[in-house]
There are 2 protein chains.
Amino acid sequence: MTPVRARPQVPPATVARLPAYLRTLDVLAAEGHLLTSSEELATRAGVQPALLRKDLSFLGTYGRRGVGYDVPHLREQIGRVLGMAVPQRLVVVGVGNLGRALAGYAGIAQRGFTLVGLVDVAPDVVGTVVAGLPVRPLEALAELVAVQGATIGVITTPPSAAQHVADLLVAAGVTGILTFAPAVLHVPDDVDVRSVDVASELQILAFHGHGRRRAVDGEGA
Amino acid sequence: MTPVRARPQVPPATVARLPAYLRTLDVLAAEGHLLTSSEELATRAGVQPALLRKDLSFLGTYGRRGVGYDVPHLREQIGRVLGMAVPQRLVVVGVGNLGRALAGYAGIAQRGFTLVGLVDVAPDVVGTVVAGLPVRPLEALAELVAVQGATIGVITTPPSAAQHVADLLVAAGVTGILTFAPAVLHVPDDVDVRSVDVASELQILAFHGHGRRRAVDGEGA
DNA sequence: TAGATTGTTAATCGATTAACAATC
DNA sequence: TAGATTGTTAATCGATTAACAATC
């Protein structure tokens with residue numbers, strides 16, 4: 001029996017920090033650094049050096065003791081682990097304010113993603129061109145995902161439509177869904193869902209701020 | 001010596017789930033439920049019943065054994081803990097695509113927040129009206145926060161401007177900052193920062209999807 | 001060699017789950 | 001009372017930190 005080579009098991013908390021490391025390495029590279037240390041990289045990424053080293057240890061041994069990390073090399077390795085070697089292709093479902101903002105967001109392309117399709121249900125939106133792409137009807141979603149080879153679907157619809165759209169994306173074969181709709185989505189185990197809920201983030205901030213009274217420059221004199 | 005009544009110590013992981021419970025209670029209330037169980041509320045919110053009960057136990061004892069939870073009452077208690085008894089006031093700095101989308105996002109008002117100011121640096125944007133509010137110059141930020149009593153600042157600027165804007169928001173007295181700029185922000189301990197990085201979310205999805213090949217309806221026949 | 005810095009181990013800390021006594 | 005469901009305890013699990021031996 002051929003033993004399945006175990007995919008190196010990277011803890012979720014570590015995976016969630018890799019994009020920040022990658023971004024920080026981009027900054028260091030742009031500043032001309034060829035070499036960095038766990039101290040510098042960690043501080044810039046906003047974590048403890050020990051945590052950075054532990055995180056990187058799950059990926060392999062890319063540093064040199066007494067020396068540090070080669071910036072371009074580490075950058076490439078983390079990019080590879082994240083699956084960014086091949087540009088990932090996205091479809092956005094829901095071309096309202098937020099969908100348009102995302103479609104026009106340069107940061108997405110800069111970080112290795114290609115927007116390949118826009119979908120909406122509204123007849124007055126379908127057929128218009130947004131960010132250089134024609135908006136397609138919901139019925140075209142499955143074909144769009146297949147033809148364009150999209151792997152990730154982004155949901156920017158009202159919450160009432162989110163589960164239906166998720167079902168369509170799953171049936172079409174995406175491996176990941178990023179949703180901005182405040183709703184719990186049920187998907188099969190082999191599909192990954194991440195959720196961004198702006199109002200929830202604000203409520204978490206409200207919890208911490210509530211009852212707090214901050215001293216401010218020039219006040220109370 | 002008067003003992004300071006300790007603020008009930010709610011773990012961060014619990015705080016982060018409270019908005020989802022609140023939202024789920026809203027749905028249950030809208031459906032006419034007056035009573036719910038940890039089983040139903042948890043399932044709808046996407047967590048385990050035991051975890052929901054543990055979370056609620058940090059807030060107080062709001063359920064009745066053998067019966068369940070009173071929907072309007074629990075809704076009110078969680079809202080109060082989150083500091084939503086008083087509507088929280090927001091300023092948005094950066095009126096680009098994303099800033100406009102947020103300004104026009106009804107979900108923010110629905111969940112208890114009031115947008116009280118918009119700020120940008122671009123001379124051709126300052127003075128225009130977006131979502132019913134005039135866009136003010138960056139120099140007006142401190143006064144705007146003070147006069148309007150804003151407690152939360154939202155940063156939707158390019159990453160290069162984010163730290164400077166954060167410094168201004170902190171000096172102006174906000175207690176919380178929500179940033180969409182992919183950059184680490186340094187703020188004093190008494191200010192809370194939450195960060196939403198769309199490209200990072202996509203990269204985390206790419207990690208999980210990478211190398212995965214999903215079976216799709218109608219394929220392989 | 002001496003100094004620097006990684007990779008790893010062990011200790012600590014926090015979060016989640018499972019089980020059940022309390023009690024409606 | 002019998003059945004249901006909470007609130008809480010103890011066990012498990014995972015993440016972070018601190019310390020240091022390995023090694024460049």
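Reckoned from all heavy atoms, side chains included, excluding hydrogens, waters and symmetry mates. Below, chain A is the first sequence line, B the second, and so on; all start at residue 1.
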How do R17(A) and V67(A) order along DNA chain D: which one's closest nucleotide is nearer the 5' end? R17(A)
Strictly below 4.0 Å, heavy-atom distances to any atom of DNA chain C: list the hits from residues 34-54 of chain B, or just say none. Q48(B), A50(B), L51(B), R53(B), K54(B)
Quick one: is dC24(C) close enough that its OP1 or OP2 comes under 4.0 Å of any side-chain N or O from Y69(B)? no
As a test of understanding, state which of L102(A), L118(A), V174(A) forms a side-chain contact (heavy atoms from CB on, under 4.5 Å) with V154(A). L102(A)
Spacing of D55(B) atom CG relative to dT16(C) atom P, expressed in whole Å: 7 Å
Map R64(A) and P11(A) onto DNA chain D by nearest heavy atom, then report which one ends up closer to the 5' terminus. P11(A)
For the residue pair L202(B) and R111(A), establish whether any side-chain heavy-atom pair is separated by less than 4.5 Å. no
In a check of side chain to side chain donor-acceptor pair (under 3.5 Å) between H73(B) and each of R75(B), Q77(B), E76(B), which one passes? Q77(B)
May I have the distance from Q9(B) (atom CD) to dC13(C) (atom C1'), rounded to whole angstrom? 13 Å
Testing L141(B), V119(B), L115(B) for side-chain contact (heavy atoms from CB on, under 4.5 Å) with V91(B), which one passes? L141(B)
Distance check needed: dT16(D) P versus L56(A) CG, whole Å only. 14 Å
Atom CZ of F58(A) and atom P of dT6(C): how far apart are they, to the nearest Å? 17 Å
R65(A) CZ to dC24(D) P, straight-line distance once rounded to whole Å: 7 Å
Side-chain heavy-atom pair L52(A), Y21(A) within 4.5 angstrom cut-off: yes
Using side-chain contact (heavy atoms from CB on, under 4.5 Å), reason through V121(B) and T157(B) one step at a time and then give a plain yes or no. CA-CA 10 Å; V121(B) 282; T157(B) 67; over 6 Å; no
May I ask you to verify if any side-chain N or O of Y62(A) is less than 4.0 angstrom from the OP1 or OP2 atom of dT5(C)? no
Got a donor-acceptor contact below 3.5 angstrom from the T175(B) side chain to the T151(B) backbone? yes
Can you tell if the side chain of I177(A) reaches within under 4.5 Å of the side chain of V165(A), non-hydrogen atoms only? no
Is the closest side-chain heavy-atom distance between V81(A) and V15(A) below 4.5 Å? no
What dot-bracket string describes DNA chain C from 5' to 3', counting Watson-Crick and G-U wobble pairs whose defining distances are under 3.5 Å, with [ ] for crossing pairs and | for pairs to another strand? ..||||||||||||||||||||||
